[in-house]
Amino acid sequence: LWASLASDYRLHHFLWCLSEMARISDEPEAAVLLRRESARHLEGEADPGLRAMVIGDLAASESRVGLFSDAAAHLGQAATATAENVSALPDRYTYEIEDQLAQAEIAAGKAEAAIQRLNHVLASGTLRRPPGDMERAELVETLGSAFLQAKRYGEARQRFEESIAINRGILDAPGEQLERESVQRLYEAGFRGLTEADLRLGISPEAALQAWEGFRSKRWRPGGPAKPQRVKVAQRPSAGTVKLTYALLPGGV
């Protein structure tokens with residue numbers, strides 16, 4: 001039905017949008033199926049960067065549901081498409097592809113490989129131009145996730161703070177509503193990672209949740225929370241009024 005109503009590119013984009021909705025709705029298997037259909041309808045696309053980016057996105061989705069052999073095959077395809085067209089490939093594609101490949105490596109438990117990849121991409125002079133604010137925020141947030149998986153919590157914290165600060169600047173800037181909406185999810189993910197890193201660093205749960213509470217009350221700024229809400233924990237049922245705070249972090253609730 002869809003193929004009878006839309007050209008290959010339009011059908012690819014429609015399916016890709018559906019796959020994003022599935023991913024955000026926590027339906028990772030549906031996201032994989034839709035991404036596969038999206039990539040299939042882009043086979044005739046002349047733009048190698050777009051094809052590589054879509055295949056890399058598919059590989060990251062497959063890794064999240066444990067389809068590592070399929071993901072590895074698609075990672076190889078994306079790497080080949082990138083290598084064969086590197087001189088003509090726009091930097092915006094390259095940054096996106098490298099971020100997707102790193103996410104796939106993290107999902108496969110290869111945190112150190114992801115760290116090496118992202119550090120290389122973020123190094124000055126790697127590409128023709130440095131990453132823009134949104135590109136750097138996404139790369140740095142993924143790098144924070146890789147450090148978190150590698151149990152390098154101090155470095156993870158630094159990266160999440162950097163990502164949050166960049167996104168805070170975008171959100172505070174006037175105009176560019178579409179850009180501001182697109183970084184909101186990444187902004188929140190940065191706080192989840194930052195709180196997780198604080199907990200793993202041995203900071204008390206109350207102190208670790210200050211950044212999260214500051215984010216929820218819109219009072220957080222780079223360098224730490226400003227006048228965070230305090231979390232009161234009852235030791236006994238008779239302890240009186242209790243404020244219960246929770247956060248869904250990378251390591252769980």
Between Ala146 and Ala114 the two heavy atoms that sit nearest each other are CB-CB, 4.1 Å

If you measure from CG on Leu58 to CG on Leu34, what distance do you get to the nearest 0.5 Å? 11.0 Å

Taking all non-hydrogen atoms of both residues, which atom of Gln149 and which atom of Ala111 are closest, and how far apart? OE1-CB, 3.1 Å

Side-chain heavy atoms nearer than 4.5 Å, only ILVMFWY residues, links allowed to pass through others: does that put Met134 and Ile164 together? yes

When clusters are formed from ILVMFWY side-chain contacts under 4.5 Å, directly or step by step, what else is grouped with Leu249? Leu199

Minimum heavy-atom distance Ile106-Thr142, with the two atoms named: CD1-O, 3.5 Å

Check whether any side-chain N or O of Ser19 sits under 3.5 Å from a backbone N or O of Trp16 as a donor-acceptor pair, and report yes or no. yes

Pairs touching residues 112-122 that satisfy salt bridge (charged side-chain N to carboxylate O under 4.0 Å, His left out), sequence neighbours left out: Glu98-Arg117, Glu105-Arg117, Glu112-Arg152

Rounded distance (nearest 0.5 Å) linking atom CG of Leu148 with atom CZ of Arg157: 12.5 Å

Would you call Gln103 and Asp99 a side-chain contact if the rule is heavy atoms closer than 4.5 Å? yes

Compare every heavy atom of Val32 with every heavy atom of Ser61, then report the nearest pair and how far apart it is. O-CG2, 3.4 Å

On a heavy-atom basis, the closest approach of Pro131 and Leu139 is CB-CD1, 4.3 Å

Ser145 and Phe160, any side-chain heavy atoms less than 4.5 Å apart: yes

Would you give the length of the straight line joining atom CG of Leu11 to atom CZ of Arg40, rounded to the nearest 0.5 angstrom? 8.0 Å

Between the side chains of Arg192 and Glu196, is the shortest nitrogen-to-carboxylate-oxygen separation below 4.0 Å, so that they form an ion pair? no

So, for Ile166 and Ala137, which heavy atoms are closest and what is the spacing to 0.1 Å? CG2-CB, 3.8 Å

So, taking the atom named OG in Ser163 and the one named CD in Gln158, what distance separates them when rounded to the nearest 0.5 Å? 13.5 Å

Looking at CZ of Arg200 and OH of Tyr153, how far apart are the two atoms once the value is rounded to the nearest 0.5 Å? 5.5 Å

Run the numbers on Arg36 and Glu62 for side chain to side chain contact (heavy atoms under 4.5 Å, CB included), then give the verdict. CA-CA 10 Å; Arg36 284 179 175 175; Glu62 288 171 331; 3.1 Å; yes

Once rounded to the nearest 0.5 Å, what's the spacing between atom CD of Glu20 and atom CG of Leu15? 12.5 Å

Can a donor-acceptor pair be found, under 3.5 Å and without considering hydrogens, that links the side chain of Thr195 to the backbone of Phe191? yes

Provide the full list of salt bridge (charged side-chain N to carboxylate O under 4.0 Å, His left out) pairs with a residue in residues 136-151, sequence neighbours left out, each pair given once. Arg136-Glu162

Exam field: side chain Glu29 to backbone Val65, donor-acceptor pair closer than 3.5 Å: no

